[in-house]
Amino acid sequence: MPCEAVGASPASTRQLVPFAALSASYFAHIGFFNPYLPLWLKDLGFSLVVISLLASAQAFTRLFAPYGWGLLSDSTGERVLLLRWGAVGALLASAGLWFELGPWAMLAVLLIMFGHTSAMMPMTEAAMAQWVSSSGTFDTRRYGRVRLWGSLGFLLTVLSAGAWFEHFGLRHFPLWTSVSLLALVCSVCLVPNLKEPRTPLQARAGLASVGPVLRQREVRWFFAALFFHVLSHMGIYVFFSLYLDALGYSKTTIGLLWALSVVAEIAWFYTQGRWLPRLSASAWLVLCAATMLARMLLTASVADSLVWLVLAQVLHALTFATHHTVCISCIAGYFPGGLRGRGQALFTVVGYGLTGVLGGVLGGLASQAWGLRSVFWLCVAVSALACLCAWQVWRQSMQHAAPSAV
């Protein structure tokens, strides 16, 4: 099956350095923005329900922005040029955060900013897949060595921002936002502006349709597994910092716990070329979903204990890093060539758009009614659904593999 492929990459390390810089700067921005946005909004006096809605703005833009940008990039082949426009637009929009805003004005600023940034990673992944694939195979080792720089960028800012905000308070949050987006603009300019080549046959045929791919049962189960897996993760992305704050953990400790999960994912990204070939991609999806179920059980039941919370965060190596690489590999196989931009966009829309909106809104309502711990018990149930869907992906892949083995 396409998502099982792991091969050698023709790209040299030097050719991948600009992508590493882009990944580092993008996730350096995410590293402080996502964990501390809810706390900053709380500091501004917004209610828990309003905070959950504002924090879900990023996910809302992922319902339409990635596919729109992805369609444009597939049509024009100008992935890098569009990345530059997205970074500059986000930087200009971030200026609105410097003003005292009400809920609706804050929502408008966040929507504009996220509308530009939410498609950047799908387009980056699509552009990078061209460099880390050879003869239809996806080199997970080379991909991991590039992607770990994003994790390092995240680690740097989640630690430094936690210490900064602990000492100076959250009033400098807009400054951190603008500076990090300026760094993102600079890094995007390092990426060579190469247009993806199209053969004369592809040019005459026009834009290929994603419909035939989406009609495959394995692909549909894959997106269902992706949806429930990341929906469970939204408890971490949106409510984890608020949850720990309510339990009495300091901002420095919260930052350290976020950092611990990132250290775990860095270790995985660096060594994943050694481990991933030992199981099929579909088997890894099942293992990741089962690990997610265990992580949510620990977070919901024993988060008062720092020891158990540390263990839960270490499991991030499987629940995020492994799962992300396997999914990117599958998407690269399911959606090759002229489908690549829309395939990566669908990954973001289904995995981080729909899930973010539902997770933020439903989680906000649940936390308002039953407390923040209830969010993570809901994540336990959602993780169980992810396990069932991932098992179906494995089952479908085995059925497709059986005839070829005869």
Side-chain angles (χ1 to χ4, degrees), residues 1-5 19 22-23 26-27 30 58-74 79 82-83 86 114-115 117-130 132-133 138 140 143-144 146-147 150 196 208-216 218-234 237 265 269 281-282 284-285 288-289 292 319-359 386 389-390 393 397:
M1 291 303 297
C3 71
E4 313 296 340
F19 290 102
L22 173 56
S23 183
Y26 176 84
F27 286 101
I30 296 297
Q58 185 178 41
F60 177 74
T61 61
R62 285 171 173 167
L63 291 174
F64 56 89
Y67 198 83
W69 288 85
L71 179 61
L72 187 59
S73 69
D74 280 345
R79 306 195 195 281
L82 293 173
L83 280 170
F114 291 143
T117 59
S118 62
M120 291 194 68
M121 270 302 103
M123 286 193 293
T124 301
E125 300 280 11
M128 188 166 59
Q130 189 178 353
V132 297
S133 298
F138 185 86
T140 55
Y143 173 80
V146 174
R147 181 57 180 77
E196 185 162 354
S209 172
V210 299
V213 178
L214 295 177
R215 284 192 286 272
Q216 299 175 32
E218 182 180 337
V219 176
R220 294 200 300 267
W221 278 114
F222 166 79
F223 278 115
L226 169 68
F227 173 80
F228 287 116
H229 187 98
V230 183
L231 180 60
S232 181
H233 236 299
M234 284 301 156
Y237 294 148
E265 76 179 53
F269 281 136
S282 55
W284 277 113
L285 287 177
C288 291
M292 189 64 164
T319 64
F320 171 72
T322 312
H323 182 262
H324 181 78
T325 296
V326 170
C327 287
I328 293 297
S329 176
C330 287
I331 290 291
Y334 293 144
F335 300 92
L339 298 171
R340 188 177 294 131
R342 283 165 290 163
Q344 293 293 344
L346 285 171
F347 169 75
T348 301
V349 170
V350 175
Y352 294 90
L354 294 171
T355 58
V357 172
L358 287 176
C389 294
V393 177
S397 67

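- Classification of the His323-His229 ring pair by plane angle, with boundaries at 30° and 60°, yields parallel.
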_Would Val326 and Cys288 count as a side-chain contact (heavy atoms from CB on, under 4.5 Å) here? Give the steps._
CA-CA 10 Å; Val326 170; Cys288 291; 5.6 Å; no
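- Atom CD of Gln216 sits about 12.0 Å away from atom CZ of Phe222, to the nearest 0.5 Å.
- Going from atom CZ of Arg147 over to atom CZ of Phe27 covers 3.5 Å, rounded to the nearest 0.5 Å.
- Taking every heavy atom of both residues into account, Ala225 and Ala390 meet most closely at CB-N, 3.7 Å.
- Note that CD1 of Ile331 and CZ of Arg342 are 13.0 Å apart. Values are rounded to the nearest 0.5 Å.
- The shortest non-hydrogen separation linking Thr61 to Gly115 is CG2-N, 3.8 Å.
- Note: Cys389 SG to Phe223 CZ = 13.0 Å, rounded to the nearest 0.5 Å.
- Around CZ of Phe114, the count of heavy atoms belonging to other residues, nucleotides or ligands within 6.0 Å exceeds 12.
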Just distance, no hydrogens or angles: give the donor-acceptor pairs under 3.5 Å from side chains in residues 347-359, sequence neighbours left out.
| unit_1 | atom_1 | unit_2 | atom_2 | d |
| --- | --- | --- | --- | --- |
| Thr348 | OG1 | Gln344 | O | 3.3 |
| Thr355 | OG1 | Gly351 | O | 2.5 |

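- In this structure, the separation between CZ on Arg62 and OG1 on Thr117 is 7.5 Å, given to the nearest 0.5 Å.
- Of all non-hydrogen atoms in Thr322 and Trp284, the two that sit nearest each other are CG2-CE3, 3.7 Å.
- We find the CG-CZ distance between Leu214 and Phe335 to be 5.0 Å, quoted to the nearest 0.5 Å.
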*Walk me through it: do Cys330 and Val219 pass the test side-chain contact (heavy atoms from CB on, under 4.5 Å)?*
CA-CA 9 Å; Cys330 287; Val219 176; over 6 Å; no
